[in-house]
Amino acid sequence: MLNLERLRTLDALARHGSVSGAAEGLHITTSAVSQQMSKLEREIGQQLLAKNGRGVRLTDAGRLLAEHAARILSQVELAQSDLEAQRGQVVGELRLVAFPTALRGLFPAALAALRAEHPALRLRSRELEPERGVDAVIRGDADVAVVLDWYNKPLPMPEGLAKAQILDDRVEIAMPEGHRLAGRSEVDLEDFAGDEWVAWPEGEFCHEWLLYTLRTKGIEPLIAHRAEEHHTQLALVAAGLGVCVAPRLGRDPMPPGVRAVPVRHRVHRYIYAVWRADADRRPSIRAAVEALQAAAGRIG
């Protein structure tokens, strides 16, 4: 009989494309991945991996078995969901990921409430940017990811995922208190055509959104400084080094010397949770979504 953990290792190899990637995704060593694959090859009597330069590739037999492994693991997920649904209890382990401001602004209250209401639920959380969070759910490395869509640029979403809205997060522009627009009650993005921007690292979804949005308004943005964490961005703004986009979620407390002004034509991002559709009936996922929505409701 095929061993489920060895099939899980093969599935990880097929999804990640390398032994090191599979090891990272499964949180085991590369030698453990190699050992599991050697045992699986002996178990079925066929070669599953072949050398490919410095790495490995799946043989035809390996790809065939990997396709079956993905279906088997999906069926196991469905079985777990059905059992939890029948029992109606929020139990087991739940792995959640979120981008930085969502983790900061939502997870402390939501996870504390889950732990208090469901003591048999084991919670694990970590920080991941939206695109990587979606990938983690697809791969099975996370159960729930909190991600975002910008109002004019949705995050690409693969098939096979369910989702629920958590928060409509209004965005403002943060600027030094001495900025020429700091006294305004509202601003337009076009008002900052000549300003230096503090933005996210190049290649991140939010960075690409900022470039796209400003360019659609005829502005070629001058990105002077890049920082992943919003509070680092705000510290640079407080030092007079530029302006930045300042969503409300996870933002407070604002540093001294910074003024955040709403954008006249509402700029916002939709915060939502995603999970695999084949796990849709798991009470633990439903409980987590409700806790996240309750935490968002307290933000106002």
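Numbering of residues begins at 1 and proceeds along the displayed sequence.
Ring-plane geometry between W200 and W209 is classed as perpendicular, the angle between the planes exceeding 60 degrees on a 0 to 90 degree scale with a lower cut at 30.
Going from atom CD1 of I285 over to atom CZ of R282 covers 4.5 Å, rounded to the nearest 0.5 Å. L7 contributes atom CG, which lies 12.0 Å from atom CZ of R71 (distance to the nearest 0.5 angstrom). The structure places CZ of R215 at 9.5 Å from CG of L210, a figure rounded to the nearest 0.5 Å. Going from atom NE2 of H225 over to atom CD1 of I223 covers 10.5 Å, rounded to the nearest 0.5 Å. Here the NE2-CG distance, from H231 to L236, works out to 13.0 Å after rounding to the nearest 0.5 Å. A distance of 5.5 Å separates CG of D168 from OH of Y270, quoted to the nearest 0.5 Å.
When the side chains of ILVMFWY residues are joined at heavy-atom separations under 4.5 Å, either directly or via intervening members, I173 and M254 end up in two distinct hydrophobic clusters. Clustering ILVMFWY residues whenever any of their side-chain heavy atoms sit less than 4.5 angstrom apart, transitively, puts L121 in the very cluster that holds L106. F192 and L222 are assigned to two separate hydrophobic clusters, defined by single-linkage of ILVMFWY side chains at heavy-atom distances under 4.5 Å. A chain of hydrophobic side-chain contacts below 4.5 Å, direct or via other Ile, Leu, Val, Met, Phe, Trp or Tyr residues, connects V147 to Y151. Note on L10 and L64: separate hydrophobic clusters, where clusters join Ile, Leu, Val, Met, Phe, Trp and Tyr whose side-chain heavy atoms are under 4.5 Å apart, directly or indirectly.
Remark: E204 CD is packed, more than 12 non-hydrogen atoms of other residues, nucleotides or ligands lying under 6.0 Å away. Remark: R95 CZ is packed, more than 12 non-hydrogen atoms of other residues, nucleotides or ligands lying under 6.0 Å away.
In this structure, T213 and V267 have side chains that are not in contact, with every pair of non-hydrogen atoms separated by 4.5 Å or more. Proximity of I72 to L4: side-chain heavy atoms (C-beta onward) are separated by under 4.5 Å at one or more points. Considering only heavy atoms from C-beta on, W150 comes within 4.5 Å of C206 through its side chain. Contact annotation: the side chain of R170 never approaches that of V263 to less than 4.5 Å [non-hydrogen atoms, C-beta and beyond]. Within the 4.5 Å cutoff, side-chain heavy atoms of S34 are placed close to those of V19. Taking 4.5 Å as the limit, every side-chain heavy atom of H179 sits out of range of all side-chain heavy atoms of E177. Between E229 and L234 there is no side-chain heavy-atom pair separated by less than 4.5 Å. The side-chain heavy atoms of R115 and H118, taken from C-beta on, include no pair separated by under 4.5 Å.
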### Task
Could you go through the side-chain contact (heavy atoms from CB on, under 4.5 Å) check for D149 and Y272 one step at a time?
CA-CA 8 Å; D149 278 338; Y272 56 98; 3.1 Å; yes
### Message
Please determine whether side-chain contact (heavy atoms from CB on, under 4.5 Å) holds for the pair T101 and R269, giving the CA-CA distance in whole Å, both sets of side-chain angles, and the decisive distance to 0.1 Å.
### Response
CA-CA 12 Å; T101 52; R269 55 185 192 170; 3.0 Å; yes
### Message
Run D195 and R180 through salt bridge (charged side-chain N to carboxylate O under 4.0 Å, His left out) and show every step you take.
### Response
CA-CA 11 Å; D195 284 272; R180 67 187 186 282; 2.8 Å; yes
### Task
Could you walk me through whether E129 and R132 pass the salt bridge (charged side-chain N to carboxylate O under 4.0 Å, His left out) test, one step at a time?
CA-CA 5 Å; E129 289 298 329; R132 293 185 62 200; over 6 Å; no
### Task
Apply side-chain contact (heavy atoms from CB on, under 4.5 Å) to the pair R124 and L94, showing each step before the final yes or no.
CA-CA 6 Å; R124 302 289 182 267; L94 190 68; over 6 Å; no
### Audit row: D60, R63, salt bridge (charged side-chain N to carboxylate O under 4.0 Å, His left out) steps and yes/no
CA-CA 5 Å; D60 289 345; R63 285 194 298 273; 2.2 Å; yes
### Task
Applying salt bridge (charged side-chain N to carboxylate O under 4.0 Å, His left out), run through R276 and D143 and close with a yes or a no.
CA-CA 7 Å; R276 293 183 302 281; D143 299 304; 3.7 Å; yes
### Task
I would like to know whether V134 and L155 meet side-chain contact (heavy atoms from CB on, under 4.5 Å); could you show each step before the answer?
CA-CA 9 Å; V134 170; L155 181 72; 3.8 Å; yes
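Contact record, H16 with A22: CB-N, 3.7 Å, taken as the closest heavy-atom pair. Nearest heavy-atom pair across V146 and A102 is CG1-CB, 3.8 Å. When all heavy atoms of D141 and R126 are compared, the closest pair comes out as CB-NH2, 4.2 Å. Closest heavy-atom contact between Q233 and A227: NE2-O, 2.8 Å. A pairwise comparison of heavy atoms in S185 and P262 identifies O-CD, 3.4 Å as the closest pair. The two atoms that bring A273 and V289 nearest to each other are CB-CG2, 4.3 Å, heavy atoms only.
Side-chain N or O atoms of S125 include none that pairs as donor or acceptor with a backbone N or O of L96 at under 3.5 Å. One N or O on the side chain of E41 and one on the backbone of L48 form a donor-acceptor pair closer than 3.5 Å. A distance-only check finds a donor-acceptor pair linking the side chain of R259 to the backbone of R184 [under 3.5 Å]. The backbone N or O of E228 sits nowhere less than 3.5 Å from a side-chain atom of T232 that would complete a donor-acceptor pair.
Judged purely by distance below 3.5 Å, without hydrogens or angles, the side chains of S18 and R57 never pair a donor atom with an acceptor atom.
One finds no salt bridge joining R139 and D11 here, because no Lys/Arg side-chain nitrogen approaches an Asp/Glu carboxylate oxygen to under 4.0 Å. The residues R6 and E43 are annotated as salt-bridged, a charged nitrogen and a carboxylate oxygen being separated by less than 4.0 angstrom. A salt bridge is defined here as a Lys NZ or Arg NE, NH1 or NH2 lying under 4.0 Å from an Asp or Glu carboxylate O, and E172 with R251 meets this definition. Note on D169 versus R248: no salt bridge recorded, every NZ/NE/NH1/NH2 to OD/OE distance being 4.0 Å or above.
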Result block: side-chain N/O donor-acceptor pairs under 3.5 angstrom for residues 239-247, not counting sequence neighbours:
none

For residues 157-167, which side-chain donor-acceptor pairs fall under 3.5 Å, sequence neighbours excluded?
none

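Ring pair H207/F205: centre-to-centre distance not below 6.0 Å.
Take D188 and apply the side-chain contact (heavy atoms from CB on, under 4.5 Å) test, not counting sequence neighbours, and it matches E190, D191, R264, H265.
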